[in-house]
**Student:** 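Quick one: structure below, then a few questions.
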Amino acid sequence: MGSPTPNPIRFADVNSGNNGIASLSAPENGDSGAKVVGRVENGVADADQAHEDSPYSGNTLVVEDRPSVGDEDLVSAAAPLPSVSKSNIEHRWSDITSYTTKKKVQSWFQLPNGNWELARIVKTAGSESVISLPDGKVLKVNSDSLIPANPDILDGVDDLMQLSFLNEPSVLFDLQYRYNRDMIYTKAGPVLVAINPFKKVPLYGNNYIEAYKNKSIESPHVYAIADTAIREMTQDEVNQSIIMSGESGAGKTETAKIAMQYLAALGGGSGIEYEILKTNPILEAFGNAKTLRNDNSSRFGKLIEIHFSETGKISGAKIQTFLLEKVVLVTPFFIVLCHLSRVVQCAEGERSYHIFYQLCAGAPRTLREKLNLKDVNEYKYLNQSNCYSISGVDDAEQFHIVKEALDIVHVSEEDQESVFAMLAAVLWLGNISFNMIDNENHVEAVADESLINVAQLIGCETVDLNLALSTRKMRVGHDNIIQKLTLSQAIDTRDALAKSIYACLFEWLVEQINKSLAVGKRRTGRSISILDIYGFESFGRNSFEQFCINYANERLQQHFNRHLFKLEQEEYIQDGIDWAKVDFDDNQDCLNLFEKKPLGLLSLLDEESTFPNGTDITFANKLKQHLNSNPCFRGEREKAFTVSHFAGEVTYDTTGFLEKNRDLLHLDSIQLLSLCLCHLPQIFASNMLNQSEKTVVGPLHKAGGADSQKLSVATKFKSQLFQLMQRLESTTPHFIRCIKPNNLQSPGSYEQGLVLQQLRCCGVLEVVRISRSGFPSRMSHQKFARRYCFLLLENVASQDPLSVSVAILHQFNILPEMYQVGYTKLFFRTGQIGILEDTRNHTLHGILRVQSCFRGHQAQRHFKELQRGIATLQSFVRGEKARQEFAVLLQRHRAAVVIQKWIKGRNVKKTFKKINDASIVIQSGYFLTLNLKYKHAKQCNASFCFLAAMLFVAGWSEDALKI
């Protein structure tokens, strides 16, 4: 993406001094010094506002306490300046001698080359001053050409609102001072100015994220903007948006990724945040390209809407796409505006989209063989620019990163191969050539490897592809006829097919990302949208792409003006507060030039596109005929015209305007894709047919025999742009203005003219002036009274909200110049709400401490009562349990006694029976012995002994045997 062609260095209300050197707001009639100083302080202020921005002014300037990191000299500059009474003002300004001349302080002097130098005033005589420049030169200049510089203590302040003298050279110096010290972020009131360092700076990572989360660092940063967005989303329950703007190479894409990094860190935990971050490599590979001024230029803009759950965790995200050449709405939340002409043509020294070079460099051998891939210099779509690589970038490594990202967002391996097949088909389409077949310049495609490879990759027959590229079916009445195409028509058809395949592929990828990042069931409706859109472009030759890009930037600039200038000041006036209106450059006239009907640029372009015989020359002549009276338009020679944009004048060449504004993809090509065997071409065809059914309105256009009514590219682009703006209008915006310090992408180089031109485009000085003199904090009477009424010492329940609000302001001694009371709201200068919030939070903290102590005491009492009750209940339970266990034990004891008694009785009976039986045996033996009368005494004795032995064996004791 390119930067606008810088206009000659000029400043607001610049007049020529005596020596022919430009001066800022120099008085035309030789006013006295005091008036001169006042005018230069404000840059464009009137004489009666001469001392409004002076450090001695009666208007209290409240400066937030935000010293820069590592800049200890700025601590004292961050303290709020004391308010000064009116009598002191009159006393200090009673001497009308120029402050700059009287004190002989340093002043800014503009050199003939347009740069500013800090000069020391040696002496002043009348209207001339002698100054000394840093290089030792001494010059005599007109005093009016000197612009007052700020004291050294304000060097490098992190908020431009802190500058005592607010003028362009002071702002340039402050930004350069910080840029040279790697402090690339500076606040300009509510806007963050981010200067691209073109190198890595140690300002990011988990430590910085934690520091900004805990508010231990207050310096300007993208993290601080993202943190503010999260807090406001949570507190106010209003969707937020972070809008990045700036020209090509200013660092918008990297800044958007840094903001997403912070949101992912704070809202992480579910794992979805990792997938959101991994969408960046995919979108950059398919949507970014190398241009003459930026190695990684976003050829698309994106709006990613990140949803949060009730607990503040990321619950999902959604994506919407619409492309410059072929606008197709996928989903309503992530917007991608993409140029497709780069697919088929690149300027010298530029590259097409990164993914083509990454595929050719990083595809593994099996994939290369499957896709019949060659080196990048063998493809006509890529070799026409003679640029194949980017210094310091390894395309093969980037290809593996893209594949890893596709895995993370759940694109299957089969789908990935189909994606790479479509990319290869686009490259091979560019190599298809045509042969003449008759004297009427009709052609047919050459049946070489290019045609065969395309047919194989998309899954169709070679014959069908040849017919789709070289013929066209037309319906005349009730008959269908086949028209042969000329060489130029065939080339247009081929290129249109290539661009459509790539466009549909990009949209399909975004749809897959949407599915992967689907919002969970606990969606709360709270979201933060991050807009990263291509910046204003002005090249040596500007065509239809720059025309659409710059129109989109005009619309975004109007959104910026609307929120920071128009709505702000209109609200002051409508609420009846005392307010001196601040002028700003409104680009409404330029928007009217584009959008006015029926004689606007877009209307005339669409009208000429409907004529079959319309050409780029007739279009240019029609513009000159109808728009030459418009102050924002100027006709040029031949086919060119110039538009005065908010960022400067751009001359457009109408060559190719009508062709690019028409949708040249014919129904034959869509039918070819629908008959393919591969599933992706079938999906593409289905989507295109559905879109055609939705857009069959408007004038009939039959360029090359088209048989359907189609909306022009410009009309669809405008419609989608309006949808984007409506989406942004429903959010609270946070603006980040990215600045490119030089065109060489060189670290440490700071071109004053280039930076100043960008600052003028975004109205930084006007924003700071409104922020300094305005009332950035506001609150309705009802909300203010409801939020702070408990701080009052007396009961005001019966009073109306306005009385309660005034009572609160008086109780806290807020100075009258620090606020104004409107019809419906209270308006506060910077820092005043913070004082009330601190008091409220401190009081609430004390109340919570008392409540915690009381609740703790109650909890302890309740716990002790509960403990006593539990102990009593436990005693009953344990007693009952013990009694039941004792009863069981007693029953078992009784049973054991009975069993023992029975066993013992049985044993006794058994023993008694044995003794009784033995006694009978002995007695019988004894009597037997007597009866035999001792016959056969020996024999009987032996028998007796045998009997005794048997009884002994039977269990008789020795004593019993003796008996």
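We're numbering straight along the sequence, starting at 1. Computed from a predicted structure; not experimentally measured.
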**Student:** For A256 and I530, work out which heavy atoms get closest and say how close.
**Tutor:** CB-CG2, 4.0 Å

**Student:** Measuring from atom OG of S805 to atom CG of L792, what distance do you get when rounded to the nearest 0.5 angstrom?
**Tutor:** 9.5 Å

**Student:** For I736 and A194, which heavy atoms make the closest approach, and how far apart are they?
**Tutor:** CG2-CB, 4.3 Å

**Student:** Are E232 and R526 ion-paired here, with the side-chain N under 4.0 Å from a carboxylate O?
**Tutor:** no

**Student:** Any donor and acceptor pair, going by atom type alone, linking the side chain of N916 with main-chain N or O of F912 inside 3.5 Å?
**Tutor:** no

**Student:** Minimum heavy-atom separation for Y212 and Y262, please, with both atom names.
**Tutor:** C-OH, 3.6 Å

**Student:** Taking atom OG of S780 and atom NZ of K783, what is their separation to the nearest 0.5 Å?
**Tutor:** 7.0 Å

**Student:** Output yes when a side-chain donor or acceptor of N214 lies under 3.5 Å from a complementary backbone atom of S216, and no otherwise.
**Tutor:** no

**Student:** With rounding to the nearest 0.5 Å, note down the distance linking OG1 in T255 to CZ in R737.
**Tutor:** 13.0 Å

**Student:** With sequence neighbours excluded, what pairs up with K904 under the salt bridge (Lys or Arg N to Asp or Glu O under 4.0 Å) test?
**Tutor:** none

**Student:** Has H781 got a side-chain atom pairing as donor or acceptor with V821's backbone, closer than 3.5 angstrom?
**Tutor:** no

**Student:** Side chain of D159, backbone of M161: donor and acceptor closer than 3.5 Å?
**Tutor:** yes

**Student:** Please collect all ring pair (Phe, Tyr, Trp, His ring centres under 6.0 Å) contacts where either partner lies in residues 814-839, sequence neighbours excluded, each pair once.
**Tutor:** Y572-F827, F784-F828

**Student:** For atom NE2 of H410, decide whether the heavy atoms of other residues, nucleotides or ligands shown that lie under 6.0 angstrom number more than 12.
**Tutor:** yes

**Student:** When you check the gap from the basic side-chain N to the acidic O, do E413 and K403 get nearer than 4.0 Å?
**Tutor:** yes

**Student:** Does a salt bridge link D182 with K199, judged by any charged N lying under 4.0 Å from a carboxylate O?
**Tutor:** yes

**Student:** Taking side chain as C-beta onward, heavy atoms only, is L509 less than 4.5 Å from L406?
**Tutor:** yes

**Student:** To the nearest 0.5 Å, how far apart are CZ in R178 and OG in S219?
**Tutor:** 7.0 Å

**Student:** Please check if atom NZ in K215 has more than 12 non-hydrogen atoms from other residues, nucleotides or ligands closer than 6.0 Å.
**Tutor:** yes

**Student:** Return the CG to NZ distance between L192 and K187, rounded to the nearest 0.5 Å.
**Tutor:** 8.5 Å

**Student:** Without swapping roles, check the side chain of Q416 against the backbone of V411 for a donor-acceptor pair under 3.5 Å.
**Tutor:** yes

**Student:** Are the side chains of F812 and L791 in touch, meaning some heavy atoms are under 4.5 Å apart?
**Tutor:** yes

**Student:** If only side-chain N and O atoms count, and only distance matters, is there a donor-acceptor pair under 3.5 Å linking Q811 with Y788?
**Tutor:** no

**Student:** Taking atom CD of E880 as the centre, report whether more than 12 heavy atoms of other residues, nucleotides or ligands fall under 6.0 Å from it.
**Tutor:** yes

**Student:** Sub-3.5 Å donor-acceptor pair from the side chain of Y208 to the main-chain atoms of P202, do we have one?
**Tutor:** yes

**Student:** Measure the shortest side-chain to side-chain distance between N280 and T253 over non-hydrogen atoms and say whether it is less than 4.5 angstrom.
**Tutor:** no

**Student:** Treating S852 as the side-chain partner and R849 as the backbone partner, does any N or O pair qualify as donor plus acceptor under 3.5 Å?
**Tutor:** yes

**Student:** Please state whether the rings of F735 and H563 are parallel, tilted or perpendicular, taking 30° and 60° as the class boundaries.
**Tutor:** tilted

**Student:** Indicate yes or no for a side-chain donor-acceptor contact from T872 to the backbone of R868 under 3.5 Å, with no hydrogens or angles considered.
**Tutor:** yes

**Student:** Give the minimum heavy-atom separation between S309 and S315, together with the two atoms involved.
**Tutor:** N-OG, 4.0 Å

**Student:** Will you find, in the side chains of D415 and S418, an N or O donor that is under 3.5 Å from an N or O acceptor?
**Tutor:** no

**Student:** Does atom CG of N206 have more than 12 heavy-atom neighbours from other groups under 6.0 Å away?
**Tutor:** no

**Student:** Between Q240 and T731, do the side chains contain an N or O donor and an N or O acceptor separated by less than 3.5 Å?
**Tutor:** no

**Student:** Any idea which heavy atoms bring A785 and V804 closest together, and the distance?
**Tutor:** CB-CG1, 3.7 Å

**Student:** Please determine whether a side-chain nitrogen of the Lys or Arg among K257 and E254 lies less than 4.0 Å from a carboxylate oxygen of the Asp or Glu.
**Tutor:** yes

**Student:** Answer yes or no: does atom CD of E414 have more than 12 heavy-atom neighbours from other residues, nucleotides or ligands under 6.0 Å?
**Tutor:** no

**Student:** Could you pull out the closest heavy-atom pair between L263 and I314, with the gap in Å?
**Tutor:** O-CD1, 3.6 Å

**Student:** Between H221 and D227, do the side chains contain an N or O donor and an N or O acceptor separated by less than 3.5 Å?
**Tutor:** no

**Student:** In terms of side-chain heavy atoms, does E305 have a donor or acceptor partner in N239 at a distance below 3.5 Å?
**Tutor:** no

**Student:** Nearest 0.5 Å, what's the CD-NE2 distance between Q900 and H893?
**Tutor:** 8.0 Å

